[in-house]
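Start at 1 with the first residue, then count along the sequence.
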Amino acid sequence: MTIRRMDHVSVVVDDIEAAIAFFVELGMELEGRAPIEGPWVDRVNGLDGVRVDIAMMRTPDGHGRLELTKFHTPTAVNAEPENALGNTFGLRSVMFVVDDIDATVAALRAHGAELVGEVAQYQDSYRLCYVRGPQGIIVALAEQLN
């Protein structure tokens with residue numbers, strides 16, 4: 001058995017509108033939104049009374065997707081320290097290649113993003129950085145130099 005594709009990465013957020021605006025600013029497109037609830041979603045999540053809103057974001061090339069999920073019930077919980085760093089166990093970052101890293105960071109700052117460290121260059125290939133986005137998720141940005 002083999003994997004056919006990676007479909008999406010899910011991010012649980014408290015303010016879905018702000019998260020959508022953040023990822024739209026990054027260049028993603030809102031593919032669709034939907035309220036989700038019912039016995040099947042309870043069974044899948046191993047939780048009772050799940051009621052969520054989701055927004056599916058798509059990369060401009062159409063190949064990558066990010067699902068933003070706002071839990072109404074049960075209440076979402078923090079599973080790690082706020083502002084966890086890159087060496088914390090679990091999913092740490094989602095990376096996007098951008099045209100202009102400086103302009104992207106400036107635009108995302110208007111949506112509350114903060115640099116985790118600083119913009120750094122890797123050899124003659126990339127300029128890279130990490131920014132903290134919605135709900136503390138670390139978004140990695142890479143600008144290809146060649």
Side-chain angles (χ1 to χ4, degrees), residues 1-101 104-105 107-108 111-117 119-146:
M1 179 178 290
T2 61
I3 294 174
R4 292 177 49 191
R5 73 171 189 262
M6 187 178 108
D7 189 73
H8 69 273
V9 174
S10 181
V11 178
V12 176
V13 298
D14 188 43
D15 186 342
I16 197 165
E17 299 304 328
I20 290 169
F22 178 90
F23 286 105
V24 165
E25 185 68 49
L26 187 57
M28 297 187 85
E29 301 167 18
L30 178 62
E31 185 175 74
R33 296 178 72 153
I36 307 289
E37 61 183 306
W40 72 270
V41 76
D42 290 358
R43 289 194 310 271
V44 167
N45 282 281
L47 296 167
D48 292 324
V50 173
R51 189 171 59 82
V52 299
D53 289 321
I54 65 164
M56 192 63 73
M57 308 299 294
R58 182 181 57 235
T59 57
D61 67 1
H63 296 293
R65 294 179 6 183
L66 189 69
E67 177 187 286
L68 303 173
T69 304
K70 161 67 176 164
F71 271 82
H72 297 287
T73 59
T75 302
V77 297
N78 287 323
E80 56 193 35
E82 191 172 333
N83 297 326
L85 296 175
N87 63 341
T88 304
F89 288 118
L91 180 63
R92 287 298 92 210
S93 66
V94 176
M95 178 171 269
F96 297 97
V97 176
V98 299
D99 291 328
D100 181 335
I101 201 165
T104 302
V105 169
L108 293 178
H111 293 273
E114 298 178 3
L115 279 170
V116 172
V119 177
Q121 187 163 325
Y122 173 72
Q123 299 179 351
D124 292 329
S125 303
Y126 290 96
R127 292 182 69 222
L128 304 154
C129 72
Y130 292 125
V131 296
R132 193 170 303 283
Q135 300 308 130
I137 184 173
I138 296 173
V139 176
L141 301 174
E143 176 186 341
Q144 193 167 3
L145 298 175
N146 314 10

Which residues satisfy the side-chain contact (heavy atoms from CB on, under 4.5 Å) test with A107, sequence neighbours excluded?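 So A107 forms a side-chain contact (heavy atoms from CB on, under 4.5 Å) with E25.
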
Just to verify, what does T73 make a side-chain contact (heavy atoms from CB on, under 4.5 Å) with, not counting sequence neighbours? R51

Is D61 atom CG crowded by more than 12 heavy atoms from other residues, nucleotides or ligands, each under 6.0 Å away? yes

Around atom CD of E114, are there more than 12 heavy atoms from other residues, nucleotides or ligands closer than 6.0 Å?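 For E114, atom CD is not crowded (no more than 12 foreign heavy atoms under 6.0 Å).
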
Measuring from [X]:[atom1] to [Y]:[atom2], what's the distance to the nearest 0.5 Å?
X: L145; Y: Y126; atom1: CG; atom2: OH; result: 9.0 Å
X: S10; Y: M56; atom1: OG; atom2: CE; result: 8.0 Å
X: R58; Y: E67; atom1: CZ; atom2: CD; result: 14.5 Å
X: I54; Y: I36; atom1: CD1; atom2: CD1; result: 4.5 Å
X: I16; Y: T69; atom1: CD1; atom2: OG1; result: 7.0 Å
X: M57; Y: L26; atom1: CE; atom2: CG; result: 9.0 Å

Report yes if some heavy atom in the side chain of L128 is under 4.5 Å from a heavy atom in the side chain of M95; otherwise report no. yes

Would a 4.5 Å heavy-atom cut-off, applied to side chains only, mark V105 and C129 as touching? yes

Is any side-chain N of the basic residue among R33 and D53 closer than 4.0 Å to the acidic one's carboxylate O?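 Not counted as a salt bridge, because no side-chain N and carboxylate O are separated by less than 4.0 Å.
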
